[in-house]
Amino acid sequence: MSHNCWSDLIVDELVRNGVTTFCVSSGMRNTPLMLAAAENPGTHIVTHYDERGAAFYAVGHAKATSDPAVLICTSGTAAANYLPAIVEASYSCTPLVVLTADRPVELMDTGANQTINQTNIYANLVRFKFDLPAQSQDISPEFILTTIDQAVYRSRRSPSGPVHINCRFAEPLIVKDSVMIDDELSHRLQDWKNAGNPFTIYSIPQAVPDRNSLEKIIRKLTVSERGLIVVGELPQTSERDFIFDLAENLRMPVAACVSSGLRFGHDKQDRLTTHYDMFLRNSGFVERYKPSMILHLGGSVVSKHMMKYIQESGAEYIVVNDTPFRQDPIHSVTTRLEMDPIEFCRAISGMMSMKKSELMAPFVSADKLCYDIVCELDDETEFTNELQIVNTVLENLPDRCGLFLANSMPIRDADACGFTSNKTVNVVVNRGASGIDGNLATVSGFAAGIDRPTVALIGDLA
């Protein structure tokens, strides 16, 4: 142990939990947490010139890896600069570990420099929060280790998201004589030091509905005459082929949002429709081809026309997503399953539909018609509209790259143009709160996380 014993313990335990990316601002160089992170061989330090950018970088990195990144800042307004990114992380279920340095409790409400009330600064946006007291011989090091282990666990388990540990430090910040601390740790934590594992190892649970609930859903899906599968945002780690296997068995069309990632990485699927934002604007089509059953996998979709179509259909509306939150802005969900969408597809993989959905032919036909229209726009010698520009960008993406779609019009245009490709493209969006800030920092973090060249489509308000 070197600088501040608790700083070293915190960083070491984070690394043992597999949390190795630390995002800090340039003003953190000589603080205990930063020094501990810099000297730990298991960490990767990313320095940004301000806290706001560092926070969005961490969000992008965590979205790429599905593992939390660590944010470290000093006390005072530095912690407040994390708030926009924490909002996005909270609403998009992106794991983060936020470590805010703070002054000792005896300096609170005294006018002491750089001292504000940080203990509940992120309110209900975080999945877990804890206020660590200043280091004392009366408090055991095991307390620090189990607190860190709980925080990392809560950031990862569903619903994943940001966690906040407020770390109080008393002067002197740098512990000069740490022999006594080392002896204490060596005696009481020898097994922990030698094992290389976290002090407390947590097992991440999976939400699995009872068999009776699944069988009820299966019966509804297999007898549906006008069934439709809608796919929203999915994690980067999702095995998306299981969705196509399910669609094949159910004999239903798949309407895949651009945020789902289903539009890339495979040859054109017969059941995949991607131009629905165009043809669902046609009132005649909407009136004639109303669904009776909708299976919505994953997060929300971008298209307002799809959501209006669902709302006005009066269909049985089943939403499957791995969070407990109400995902129902149109107040139309009839069955809500808290379950990983891919695991759901696996769980009912053996089921077969009685007959092909009556929506298959009209959806595929309308999709082809809209595809031809977009191709005609592409043949123009000059750019005349947004869809043409976006489609050209997507056509020229390199294989094995990342794609960030900013909010406002870029993501709506990318969704509406319906582009598909067999190139491997990792799509990322900040649709938790659909903010228009932090774009370049998010892209940078995402590109580092997937370790691939990444294209950012931004503009308009974003």
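Numbers here are sequence positions counted from 1.
No hydrogens or angles considered: nothing links the side chains of Ser25 and Asp50 as a donor-acceptor pair under 3.5 Å. Between Glu358 and Tyr289, the side chains place no donor N or O within less than 3.5 Å of an acceptor N or O (distance only, hydrogens not considered). In summary, the side chains of Asn17 and Asp149 do present a donor paired with an acceptor at a separation below 3.5 Å, with no hydrogens or angles considered. Remark: the His296 side chain and the Tyr317 side chain contain an N/O donor-acceptor pair separated by less than 3.5 Å.
Using a distance-only test at 3.5 Å, with no hydrogens or angles considered, a donor-acceptor pair links the side chain of Gln327 to the main chain of Gly298. Of the possible donor and acceptor atoms, one in the side chain of Asn40 sits under 3.5 Å from a partner among the backbone N and O of Gly42. Here the side chain of Arg240 pairs no donor or acceptor atom with the backbone of Phe264 at under 3.5 angstrom. Arg412 places a side-chain N or O within 3.5 Å of a backbone atom of Val302 that can act as its donor or acceptor partner. Listed for the Asn407 side chain is a donor-acceptor partner under 3.5 Å among the backbone atoms of Gly435. A donor-acceptor distance shorter than 3.5 angstrom exists from the side chain of Asp415 to the backbone of Val258, with no hydrogens or angles considered. Between the side chain of Arg271 and the main chain of Phe244, no donor-acceptor pair closer than 3.5 Å is present. No donor-acceptor pair closer than 3.5 Å links the side chain of Asp102 to the backbone N or O of Ser75.
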task = Test Arg336 against Asp328 for salt bridge (charged side-chain N to carboxylate O under 4.0 Å, His left out), laying out the working first.
result = CA-CA 9 Å; Arg336 179 67 167 88; Asp328 190 15; over 6 Å; no
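Look at Lys220 and Glu316 and you find a salt bridge, because one of the NZ, NE, NH1 or NH2 atoms lies within 4.0 Å of a carboxylate O, short of that distance. Ion pairing between a basic and an acidic side chain is recognised when a charged N comes within 4.0 Å of a carboxylate O; Lys304 and Asp277 show no such pairing.
Centroid-to-centroid, the aromatic rings of Tyr57 and His48 stay 6.0 Å apart or farther. You'll find the ring centres of Phe363 and Phe279 inside the 6.0 Å limit.
The aromatic rings of Tyr122 and His164 lie perpendicular to each other, with more than 60° between the two planes, well past the 30° mark.
The distance from atom CD1 of Ile10 to atom CG of Leu33, rounded to the nearest 0.5 Å, is 5.5 Å.
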